[in-house]
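Please read the structure below before turning to the comments.
Keep in mind the model is a prediction, meaning the values are calculated, not measured.
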Amino acid sequence: MILRSGTASLQGETIGDTDKGSALSGAEKLWLFLALLALTAGGGFALALVALRAPFLAGFFPDTDFFATALVLHVDLAHVVWLLAFAGFLWSRLSQCHPSWGWGAALVGMGGALVMTLSPLLESSQPITSNYLPVLNGPRFFAGLLLFSLGLLLTIVRFWLQADPHSRLHANTTPPGLSPTEVHLRSGLRVAAFCWLMALLVGLATYARLPGGGETQPYFESLFWGSGHLLQFTHTLLMVVVWLWLGEEAGLRLPSPIRQGIRAGFLLTLLPALLSLWGGLIPAAGSQESRDFFTSLMSYGSWLAAPLPGITLLWLLLRSGSSPFSSLPTPGESPTLAPIRTALGFSILLFLTGVVSGSLIRTDNVMVTAHYHGTVGAVTLAFMGMGQRLLVNTGLLSPSRIGRWQPHLYGAGLLILIVGLIWSASLGVPRKTPWADHGGLTETGFLSLSLVGIGGLAALLGTFLFLLPALRAVGRSIFRARSAAGLPGSRPLALGTVVTILSLGILLDDSLWPEISRFREIAGSVAGSPAGMVPGEVPGMPAGVLGETTRTEPGASSQTTEEPSPSTGVSPSVRERFEQGAAMLHTRQYEYAAVAFHWVLQQEPKIPEAHVNMGFALLGLGQQERAKAFFNSALALRATQANAYYGLALAEEADGNLPEARAAMRVFLHLTPPESPHGERARQYLAQWESRTPEPTPPPSPQPLPQSPPP
């Protein structure tokens, strides 16, 4: 039996002159250290985002191009790597068998996260802020993502197959038998691991079935849509597990029927997780049907395990005689219990705020940001409370180093930030944009975004108050050990290092990525995906893409047929908003697409692609006359904008003007390469229109009358 206390050594391993921290194994320390490092780096990028968004700080950052890259790394590190690395810590805590396997998995995960973070320095890549998992579109970033996922997969497999029946999440000495709460915690962790595996399977299935077009936001939006929604199941389940853990540490005792109901909620979450395979394998990848399925799955299935424990624990906190939001201990109480109650109370409150703001989402604005800052902030604060308490229980952190005000700063700061975001959403502020791109906001908009800046800075201060002592404690435990100190011997260390180096060498090899793309195309053809189409593309509507050029005719001057695109110098926020509108257009969300392109045209009125896409959005809404006006304005900006003629032809046909429709479609075919898939569709339209109303035979050209010679 492995004892899990701060005074008993772990398999004979010691740290320095004492056995402090021996209740944490090597794998636990590495996953926890990675989680803390990711949150630190994510907080640094968040500081830049807050400064670029706040009107009173944005002037110090004249170059806003860094905003998109900072946004990608902030979300990936603070909302993905931090949460999943802490999950790896929890899964490792119940898996004490084969420590070298656990340590190797943690090492692979750390290497992947490091490559993701350093990828902007290793390659030039475009930031694409797709929902759930924004990316830097380059092979190094994706290599790091694959390595991090591999480390998590190995940790979960170890947890499922070789969990130690005697290990516990609590740091006190293992009793003869597990407590009822401990049994339920294990159930929650198993279901959370299952949901992560389902997210991985759905992501791989989507990648195999998704057609090409990997350079655009719609592609990545479709690629991570299903797996990103399923990750919310994992995060919510882990949050509930930590709530129960914090409640037991705070002395809250749940009645037996409540505990059974919580376990039933864990098991009930398995049903929507299993149903996710249908969404990943049956509907067309990236289709509107698939997107709606996963949206509904998360809306109705991800929260099943949260209400009962959240409401019960909040009620018990209020009845305990001490305020859950007070930083002062009650008489006779340990001073370390007040931060636990505060973290638990604010976490439940943030989760409720996130759910309410999510119900208010009507369009793609900062209301979405308010929603996920509430829900993700709730998970983060719960993890912070558990991390602090565990470090104290294991002797790695002195109780005097616990910041009493840390949970208040983080929780209250996030609440202020969310209020500012909700207020900004009512004013129409778009997502993922710095203050410099908010152009015409009034004084009210200034005040709302000032709240965002103030709340964000307070939350960041609370984050760093947690991180500084925690990083120091875990780092000293790992790097200042005189002997094994929970790490494996030289043979597993060498093996793990070799595996990591070889994995990095293979994944960073540029020649490998064309082969992976070729495999995806083959797999997609086997699965029946329509080749050559952007995921979710509306048949017959070739939407404009920023920076596209037109076909150069033989014998023509490139200066007259291939005009420089006015979109090449647009700001990242305009490009981001354009790609959001394109994604909505491809999924037939025409009203939202029209709102997005209206904002783009307000900022950059001379982008012909935006005029074209606005025309397609209006065409989808049945407003043919307005659509024709935008297609014509695109042609006024660029006479060779081929897809503007395509849209004009569809609009004229909808109005019953077949001659004009045929003429416009012929111009489109003249400007389009023969191998274009849209060219084939255009020829089909043209054949249908000609069969419906044959064109009349044109009259003979008039011959000039002979004139008499002059006298």
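Of all the heavy atoms in Thr69 and Pro120, the pair that sits closest is CG2-CG, 4.4 Å. In plain terms, the two heavy atoms of Pro469 and Phe464 that are nearest each other are CD-O, 4.4 Å. Listed here is the closest heavy atom pair of Gln406 and Leu465: CG-CB, 3.8 Å. In plain terms, the two heavy atoms of Leu381 and Gly411 that are nearest each other are CD2-CA, 4.3 Å. Taking every heavy atom of both residues into account, Ile348 and Gly310 meet most closely at CD1-O, 3.5 Å. Between Val242 and Ala382, the closest heavy-atom pair is CG1-O, 3.2 Å.
Every residue two or more places apart in sequence or in another chain that forms a side-chain contact (heavy atoms from CB on, under 4.5 Å) with Thr463 is listed here: Leu39, Met384, Tyr410, Leu467. In this structure Trp196 satisfies the side-chain hydrogen bond (donor to acceptor under 3.5 Å, both in side chains) test with no other residue, sequence neighbours excluded. In this structure Thr234 satisfies the side-chain hydrogen bond (donor to acceptor under 3.5 Å, both in side chains) test with no other residue, sequence neighbours excluded. For Ser357, the side-chain contact (heavy atoms from CB on, under 4.5 Å) partners at least two apart in sequence or on another chain are Met367, Ala370, His371, Ile422. By the ring pair (Phe, Tyr, Trp, His ring centres under 6.0 Å) test, His229 pairs with Tyr132, Trp225, sequence neighbours left out. Partners of Ala470 under the side-chain contact (heavy atoms from CB on, under 4.5 Å) rule, at least two apart in sequence or in another chain, are Leu36, Leu391, Phe466. Under the rule for a side-chain hydrogen bond (donor to acceptor under 3.5 Å, both in side chains), the partners of Trp82 that lie at least two apart in sequence or sit in another chain are Thr380. Residues meeting the ring pair (Phe, Tyr, Trp, His ring centres under 6.0 Å) test with Phe194, sequence neighbours left out: none. Scanning for ring pair (Phe, Tyr, Trp, His ring centres under 6.0 Å) contacts around Phe89 gives Phe86, with sequence neighbours left out.
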Stepwise side-chain contact (heavy atoms from CB on, under 4.5 Å) check, Val108 with Phe148 | CA-CA 7 Å; Val108 172; Phe148 178 71; over 6 Å; no
Stepwise side chain to side chain donor-acceptor pair (under 3.5 Å) test for Thr236 and Trp303 = CA-CA 7 Å; Thr236 303; Trp303 52 268; over 6 Å; no
Start with the C-alpha distance between Gln388 and Ile340, add both sets of side-chain angles, then the distance that settles side-chain contact (heavy atoms from CB on, under 4.5 Å), and finish with yes or no.
-> CA-CA 9 Å; Gln388 280 190 346; Ile340 295 178; over 6 Å; no
Show your reasoning for whether side-chain contact (heavy atoms from CB on, under 4.5 Å) applies to Val240 and Trp245.
-> CA-CA 9 Å; Val240 173; Trp245 189 94; over 6 Å; no
For Leu83 and Leu238, run side-chain contact (heavy atoms from CB on, under 4.5 Å): C-alpha distance rounded to whole Å, both residues' side-chain angles, the deciding distance at 0.1 Å, then the answer.
-> CA-CA 9 Å; Leu83 297 178; Leu238 293 172; over 6 Å; no
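Here Leu313 contributes atom CG and Ile262 contributes atom CD1; the two are 6.5 Å apart, rounded to the nearest 0.5 Å. Interatomic distance, CZ of Phe383 versus NE2 of His235, reported as 8.0 Å (0.5 Å rounding). Rounding to the nearest 0.5 Å places CG of Leu133 at 7.5 Å from OG of Ser227. If you take CZ on Phe346 and NE2 on His408, they are separated by 5.5 Å, rounding to the nearest 0.5 Å. Atom CH2 of Trp405 is separated from atom OG1 of Thr342 by 9.0 Å, given to the nearest 0.5 angstrom. For the atom pair CG of Leu147 and CG of Leu152, the computed distance is 11.5 Å after rounding to the nearest 0.5 Å.
For the pair Glu248 (side chain) and Leu244 (backbone), a donor-acceptor distance under 3.5 Å is absent. In this structure a side-chain-to-backbone donor-acceptor pair under 3.5 Å is present from Ser359 to Val356. Remark: the backbone N or O of Ala473 is not paired with any side-chain donor or acceptor of Ser477 at under 3.5 angstrom. In this structure, the side chain of Trp243 does not engage the main chain of Pro309 through any donor-acceptor pair within 3.5 Å. A donor-acceptor pair under 3.5 Å is formed between the side chain of Arg259 and the backbone N or O of Leu254.
Contact of the Arg472 side chain with the Leu397 side chain is not registered, since no non-hydrogen atoms from C-beta on lie closer than 4.5 Å. Counting heavy atoms from C-beta on, the side chains of Met110 and Leu114 never come closer than 4.5 Å. Residues Arg253 and Leu316 fail the side-chain proximity criterion, which asks for heavy atoms closer than 4.5 Å. Inter-residue side-chain proximity for Val379 and Leu350 is flagged as unmet; no heavy-atom pair is nearer than 4.5 Å. Between Phe351 and Val376, the closest side-chain pair of non-hydrogen atoms is not below 4.5 Å. Here the side chains of Leu317 and Leu252 are in contact, with some heavy-atom distance below 4.5 Å. You'll find the side chain of Val241 reaches within 4.5 Å of the side chain of Phe266, heavy atoms only. Between Arg190 and Phe159, some side-chain heavy-atom pair lies under the 4.5 Å cut-off.
Each side-chain hydrogen bond (donor to acceptor under 3.5 Å, both in side chains) pair with one or both residues in residues 107-118, not counting sequence neighbours, would appear here, but there are none. Within the structure, side-chain hydrogen bond (donor to acceptor under 3.5 Å, both in side chains) pairs that include any residue of residues 306-318 do not occur (at least two apart or interchain).
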Check: residues 72-80 side-chain donor-acceptor pairs under 3.5 Å, at least two apart:
{"residue": "His74", "atom": "ND1", "partner": "Gly42", "partner atom": "O", "Å": "3.0"}

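For the side chain to side chain contact (heavy atoms under 4.5 Å, CB included) test with Leu349, the passing option among Leu415, Leu344, Leu314 is Leu415; the others fail.
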